[in-house]
Amino acid sequence: MSLLEVKDVSITYQMPNKSVYAVQNVNLTLNEQESVGIVGESGSGKSTLAMGILRLLPSNAKITGEALLHGEDIFKMSDKRLREVRWVNMSVVFQKAMNAMSPVHKIGLQMLDIYKVHYPDTPDAEIKTKIIELFKIVNLPPRVYDSYPHELSGGMMQRVAIALSLIFQPEMLIMDEATTALDVVTQSQILDEIMDLEKNMNIARIMITHDVSVVASTCKRVVVMYAGQMMEDGDVTDVLVKPKHPYTKGLLNSFPSFSGEKTELRGIPGNLPDLSILAKGCVFADRCPYAKEKCFNEKPELKTIAGNWHTACHYPLGEEDNA
Amino acid sequence: MKQYIWKRVLTGALVVLFSVLFNFVLMRLAPGDPTRLLAGKENPNPATILALQERYGLNKPIMVQFVLYIKQLLHGDFGFSYVSNRPVLTIIGERFGATILLAVVGLIIEITVGILLGVHAAQHQGSKFDTILNGISYFFDSTPAFWLGLMIILLFSSTLHLLPTSGMYNVRENYQGFRRVLDVGYHMILPTLTMVVLNIPYYFRITRSSVMETMNEDYIMTLRSTGMPEKQIFRKYVLRNALLPIITVVGITMAYMITGVAFIEIVFAWPGMGRLMLNSITTRDYPVLSGIYLLLSISVAVMMIVVDVVYAYADPRIRYED
């Protein structure tokens, strides 16, 4: 059985005068010790999906489908059961680490409080030793325990957030743009550390980012999302090397490559569609350079290319398009 | 932290010194000659005037006069009232207690009730309770103090004959001992009610918005995602963080509490500093007025220092600044 199985999940924000279809029919499987990246531009629904899996969405968000954690549907868990599962089985690192902890409480104290949520009988001294050990793993000095968040740099706070997420060695870690705010040097250091930790602690990871290079260097599989829908998913070595979906290709063309020859840096013309209107055809058709009549009238299903590689396109790109 | 407190105290002292200087200059700029007034209106004797100038040091250079003025202040000599010729400090002293009594009792009630209502409304955002209270708060926030005071007098005193219209105690009976305390309490009900009703909206709204804002902070989301029960998150983390803007607001109102109750005192003929100030303005009793202003500026300065120190204890980010 897979660690996490997301089946046909749709998330709709109910507004007073309209509905915003933020995530539509997403399927995702995460096996133990696996790493999956979810990429897409801002507003593509990747964070909403993650927050939905964690059940941290505001009450006006309606979720349908299933998210099975070891076969148990997270969406159907009681509040009590949900609290038990949180942080012990699945934890999260948020984007704005500078704001990830209460500014008026010492970091050690907050972590101690969080530890006691699940193990209230552990003596304080023992927890403190554990936390300081954890700091050492993420390259933080012990003095952080008695520091306030404002006394640390952005990179240090990011490490604190990571240390916090690892406190119970969860099976599943969701990183929501966790390194986006950092400079590239710190980012690559932290990414290396995370990958080492995963091996040692048997953690599976969902990495949400708009940065394709982060996924390429740290994930085994990737899901490409656009306007709340899955465009393509499969192994990083397939999807990011020879994309079948024009959107994936556009996303890849929006980033410069470090090696290889100089190519023109191209964005994707146009903007995200209005998510309150359900498109009849393919959501990407308006911006797609390859769009044909069928694309505007008929919604493409996810089709298998090979093995676990799928794409939702009527006319998948061939080898010659990626040349 | 020590350095921080010293800095605040020094700033406070400077503020007081400047207000003393301002006070002094204002008095010298006032039209008319006090010695002429003291010597008598019709053809005063020049020798008397000279003697008076000598006595009050008015023939000395202005800088020397200023130093003399400060010396007098330090000795508790605030001058004499033009109207009653009694020492200013004694006059203010008689009224100070009444103002502080009204202000402190009112503040305690309005802060407690305002914060409790605000927290409750924030927790039940959008509920009937929240909506109704919000509406009421805007209504009373825009109500003038004198109007509400008069309406309350009209209702509780004139129509229902339940409570006295004005004053601090029953002058005719002049109760003593415990009965006196009860009598003052009885007279306090209406002025306190007016003050509290007018000021609760202020604390209510700042608390409500502060708590609501804090509940949406990222760190609260982090705590929620760790499985911490909502009650614990709210009591330990939301309230503690939401307190910071509330401290600022409470501090400012405390600093101005003496002037804050002036309108109430005037409407209810409460024998406090507010009424004294109004009377002194109408009778042009400058020494009393300047005494009141000085006291006000000192109390504002002291309260500001207290607030800054309390704030520094509440918010670790402040402590390390400067």
Side-chain angles (χ1 to χ4, degrees), chain A residues 47 50-51 53-60 77 79-107 109-120 146-151 157 160-161 164-165 167-168 170 173-174 176, chain B residues 1 4 119 122-127 130-131 207 210-251 307-322:
Chain A
S47 285
M51 298 303 257
I53 294 170
L54 292 161
R55 267 182 61 182
L56 286 171
L57 288 173
S59 56
N60 69 335
M77 280 179 186
D79 285 354
K80 184 172 165 284
R81 176 74 187 127
L82 187 67
R83 276 208 302 276
E84 286 168 7
V85 169
R86 278 180 173 170
W87 229 249
V88 176
N89 295 78
M90 54 180 186
S91 67
V92 56
V93 183
F94 292 109
Q95 177 172 16
K96 284 173 272 174
M98 264 334 257
N99 210 4
M101 300 201 109
S102 166
V104 299
H105 296 90
K106 286 185 177 166
I107 288 167
L109 186 103
Q110 296 187 53
M111 293 179 79
L112 194 92
D113 261 3
I114 290 166
Y115 198 95
K116 285 191 164 177
V117 168
H118 296 280
Y119 301 99
D146 286 311
S147 301
Y148 289 101
H150 72 276
E151 294 171 308
M157 271 312 287
V160 170
L164 179 65
S165 72
I167 203 165
F168 299 122
L173 178 63
I174 295 181
D176 186 359
Chain B
M1 189 72 187
Y4 173 88
V119 168
Q123 274 180 302
H124 302 89
Q125 193 187 336
S127 66
D130 181 35
T131 317
T207 307
S210 178
V211 169
M212 265 160 44
E213 208 173 290
T214 311
M215 286 202 290
N216 286 326
E217 288 284 358
D218 290 346
Y219 50 84
I220 298 301
M221 183 72 92
T222 308
L223 291 171
R224 202 167 281 149
S225 64
T226 64
M228 191 181 282
E230 286 293 323
K231 259 189 193 161
Q232 190 185 348
I233 295 176
F234 195 81
R235 284 196 194 141
K236 186 152 185 189
Y237 291 94
V238 175
L239 288 184
R240 180 69 175 70
N241 277 288
L243 197 65
L244 301 177
I246 300 172
I247 291 176
T248 315
V249 169
V250 169
V307 169
D308 279 349
V309 172
V310 170
Y311 203 89
Y313 270 105
D315 190 346
R317 284 166 295 186
I318 302 293
R319 269 175 245 167
Y320 300 89
E321 271 174 29
D322 19 54

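Labels below follow one simple rule: chain letters A, B, ... track the order of the sequence lines, proteins then strands, and each chain is numbered from 1.
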Assess whether a salt bridge exists between A:D79 and A:R55, defined as any Lys/Arg side-chain N lying under 4.0 Å from an Asp/Glu carboxylate O. yes
Could you tell me which non-hydrogen atom of A:P103 sits nearest to which non-hydrogen atom of A:Y148, and how far apart they are? O-CD2, 3.9 Å
With a 4.5 angstrom heavy-atom cut-off, is it the side chain or the backbone of A:S91 that approaches chain B, or both, or neither? neither
Do the rings of A:Y115 and A:F168 sit parallel, tilted or perpendicular, given the 30° and 60° boundaries? tilted
Where on A:L164 is there a heavy atom nearer than 4.5 Å to chain B: the side chain, the backbone, both, or neither? side chain
Contact class of A:E84 relative to chain B, heavy atoms under 4.5 angstrom: neither
Region of B:I220 in contact with chain A, defined by heavy-atom distances below 4.5 Å: neither
To the nearest 0.5 Å, atom CH2 of A:W87 lies from atom CG of A:L54 at 8.5 Å
I need the residue from A:V117, A:V104, A:I114, A:L56 with the largest number of non-hydrogen atom pairs under 4.5 Å to chain B. A:V104
For the backbone of B:A314 and the side chain of B:R240, can you confirm whether one donor and one acceptor N or O come within less than 3.5 Å of each other? yes
